[in-house]
Protein chains: 2
Amino acid sequence: MFNVLLAHIQEKVTLSVGDVDLLKSFFIPKKLRKRQYILQEGDVCKYLMFVEKGLLRMYHVDDKGAEHMIQFAWEGWWMADTYSFLSGDISQYNIDAIEDAELLMITLPNFEAMLLQLPVMERYFRILFQNNIISKERRLINTISYSAEERYKRLVAAHPEMIQRIPQNLIASYLGLTPETLSRIRKKLIQS
Amino acid sequence: MFNVLLAHIQEKVTLSVGDVDLLKSFFIPKKLRKRQYILQEGDVCKYLMFVEKGLLRMYHVDDKGAEHMIQFAWEGWWMADTYSFLSGDISQYNIDAIEDAELLMITLPNFEAMLLQLPVMERYFRILFQNNIISKERRLINTISYSAEERYKRLVAAHPEMIQRIPQNLIASYLGLTPETLSRIRKKLIQS
DNA sequence: AAATTCAATTGATTTACATCAACCCGTTAA
DNA sequence: TTAACGGGTTGATGTAAATCAATTGAATTT
């Protein structure tokens, strides 16, 4: 159950055997069926979630009812509305499962306790957040600087796994496009 | 010289008098004139920079020579190409001064030494990076989900200081717009 | 104070992408 | 076995924002 999480942490920092047991005690395991919500707009995001298995998406629904994909997370990724989780304010976002999933979840009180009792986890999360900033920045540059076609090509180059695993209409939304536009772009790229 | 930085850190964590002296020793002060580069595309970002005074911008230049503003930083903000700084790879970005500036800079070796010698700074940077993720996520949602006019209105509401202090053509670029489009949006909003 | 550069505005035109609508295919389900 | 649904494609049309171009005004430099 904790295999993926422990591997992920031990890539970045060192844990003793005692640390591992203590660490595990802060988490709650949870299984999700495909299409099942774990966070809905208007609720507070009570957990930081690590994906042991499966695939999640976080998305925002705008005034016109259109969905905008913020993030995907599969094995080895964390997922949460960071702002809602840390502040306790209600979330603007939804999180649900694209594929059946197994999660390890931690509450804010447990997260804070964990950081105090296992100071090495401050380092783990600092590094994790660092990397997160880098990838968010990249994505932002891409959306601001490039055309739809270039954005898609860059995504294929940078994250081919995403293209394979995630339905095309969700990829379109992630790129800030309609499904029709992405379909036409792909057609054009295949032909040339 | 260290007033703004120390206040910023002590908002988030507690430093002893000894800590403060040690902390200061890791930083290099630097003054920048308006228009002066501190990072150019193709160079490695050697420093994490804290702005004590003045105003900086980080931007990306695309294939067609167009500039895209990634971030602004004034008193109390950190600035760097995080990826280049941490990885040592060359940067795709430029950083220069919009107004004369005074910086406190730290190298990667000193950054790492600081985190080891002052573990409380792990916490400070974890919190800093957390907040950074939240604001990057917000900006991304805005660019993906809203029209040009709505994006501008949301920026005015969220960061009125930015509108006052930063030239309009740079704001346009930050929003992913041409200066002409932003000018027309403003005209329309003033009239109504 | 003249000259040069930089920033903002306005108008005319173009274009990338969205929207609307119909249709197809494969899966799930009644 | 026939609906019903989700996901993808294709075509016709609309529109928000980009591009191109000219003008004015501010700010720097000489």
Side-chain angles (χ1 to χ4, degrees), chain A residues 33-37 55 57 59 61-69 72 94 96-100 142-156 162-192, chain B residues 33-37 55 57 59 61-69 72 94 96-100 142-156 162-192:
Chain A
R33 309 268 290 280
K34 188 174 171 174
R35 310 202 126 252
Q36 188 179 344
Y37 284 108
L55 176 58
R57 64 172 180 158
Y59 60 100
V61 181
D62 70 22
D63 324 332
K64 290 166 193 155
E67 292 181 355
H68 302 275
M69 296 308 124
F72 302 108
N94 302 278
D96 66 14
I98 299 177
E99 301 171 5
D100 291 357
N142 283 340
T143 45
I144 287 187
S145 307
Y146 297 99
S147 71
E149 182 177 329
E150 279 163 356
R151 256 155 36 225
Y152 178 69
K153 287 199 283 194
R154 292 169 74 91
L155 183 65
V156 172
M162 262 184 68
I163 309 291
Q164 287 166 358
R165 191 158 176 185
I166 294 170
Q168 199 172 304
N169 60 334
L170 302 186
I171 297 279
S173 165
Y174 183 82
L175 290 170
L177 300 175
T178 59
E180 294 96 324
T181 298
L182 182 55
S183 174
R184 282 185 254 262
I185 286 169
R186 286 178 39 105
K187 189 184 177 189
K188 195 188 150 199
L189 290 178
I190 290 163
Q191 284 169 352
S192 56
Chain B
R33 309 268 290 281
K34 188 174 171 173
R35 312 201 124 254
Q36 188 179 343
Y37 283 109
L55 176 58
R57 63 172 180 158
Y59 61 100
V61 181
D62 70 21
D63 324 331
K64 290 167 194 156
E67 292 180 357
H68 302 275
M69 296 307 126
F72 301 108
N94 302 277
D96 66 13
I98 299 177
E99 301 171 5
D100 290 357
N142 283 339
T143 44
I144 287 186
S145 307
Y146 297 99
S147 70
E149 183 178 330
E150 279 163 357
R151 261 162 24 230
Y152 178 69
K153 287 198 283 194
R154 292 169 74 91
L155 183 65
V156 172
M162 261 184 69
I163 309 290
Q164 289 167 356
R165 191 158 177 185
I166 293 169
Q168 199 172 306
N169 60 335
L170 302 186
I171 297 280
S173 165
Y174 183 82
L175 289 170
L177 300 175
T178 58
E180 293 95 325
T181 298
L182 182 56
S183 174
R184 282 184 254 264
I185 286 170
R186 287 177 42 112
K187 189 184 178 189
K188 194 190 149 197
L189 290 177
I190 290 163
Q191 284 169 352
S192 56

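Throughout, protein chains are lettered first and strands after them, A, B, ... in sequence-line order, and every chain is numbered starting at 1. Computed from a predicted model, the values in this text were never measured in an experiment. Both backbone and side-chain heavy atoms feed into the values below; hydrogens, waters and symmetry mates do not.
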Point to revise | A:Arg165 atom CZ, over 12 foreign heavy atoms within 6.0 Å | key: yes
**Study point:** Residue from B:Lys34, B:Gln36, B:Arg57, B:Arg35 passing side chain to side chain donor-acceptor pair (under 3.5 Å) with B:Asp96
**Key:** B:Arg57
Exercise for review: Could you pick out which residue, B:Lys34 or B:Tyr146, lies toward the 5' side of DNA chain D when each is mapped onto its nearest nucleotide?
Suggested key: B:Tyr146
Exercise for review: Could you tell me whether B:Leu177 contacts a base, only the sugar-phosphate backbone, or nothing, with contacts defined as non-hydrogen atoms closer than 4.0 Å?
Suggested key: sugar-phosphate
**Study point:** NZ/NE/NH1/NH2 to OD/OE distance under 4.0 Å, A:Glu149 and A:Lys153
**Key:** yes
Exercise for review: Could you check how far NZ of A:Lys188 sits from P of C:dT15, rounded to whole Å?
Suggested key: 14 Å
Practice item. Look at A:Gln168 and D:dG6 and indicate whether a side-chain polar atom (N or O) is within less than 4.0 Å of OP1 or OP2. Key: no
Check your understanding: Between C:dA8 and B:Ser183, is there an OP1 or OP2 to side-chain N/O distance shorter than 4.0 Å?
Key -> no
Practice item. Report yes if a side-chain nitrogen or oxygen of B:Thr178 is closer than 4.0 Å to either non-bridging phosphate oxygen (OP1 or OP2) of D:dA17; otherwise report no. Key: no
Exercise for review: Find the distance B:Glu149:CD to D:dA18:C1' and express it as a whole number of Å.
Suggested key: 17 Å
Point to revise | Interatomic distance, A:Leu182 CG vs C:dA18 P [rounded to whole Å] | key: 10 Å
Check your understanding: Once you round it to whole Å, what is the distance between P of D:dA16 and CG of B:Leu175?
Key -> 18 Å
Practice item. Specify the separation, in whole Å, of atom CG of B:Asp100 and atom P of D:dT28. Key: 11 Å
Point to revise | Spacing of B:Lys64 atom NZ relative to D:dC20 atom P, expressed in whole Å | key: 10 Å
Check your understanding: Salt-bridged, B:Arg184 to B:Glu180, with N to O below 4.0 Å?
Key -> no
Practice item. May I ask you to verify if any side-chain N or O of B:Asn169 is less than 4.0 angstrom from the OP1 or OP2 atom of C:dC6? Key: no
**Study point:** Any B:Lys187 side-chain N or O less than 4.0 Å from OP1/OP2 of C:dT9
**Key:** no
Exercise for review: Starting from the 5' end of DNA chain C, give me the residue, B:Arg186 or A:Arg151, whose nearest nucleotide shows up first.
Suggested key: B:Arg186
Point to revise | Base of D:dG8 paired with side chain of A:Arg184 (donor-acceptor, under 3.5 Å) | key: no
Practice item. Grab the two heavy atoms, one from B:Met162 and one from B:Ile171, that are nearest each other, plus how far apart they are. Key: O-CD1, 3.7 Å
**Study point:** Atom-pair distance (CD on A:Gln191; C1' on D:dT10), nearest Å
**Key:** 12 Å
Review point. Roughly how many Å is it from CZ in A:Arg35 to P in C:dA29, rounded to a whole number?
Key: 11 Å
**Study point:** Upstream residue (5' side of DNA chain D) when B:Ile185 and B:Glu180 are each assigned their closest nucleotide
**Key:** B:Ile185
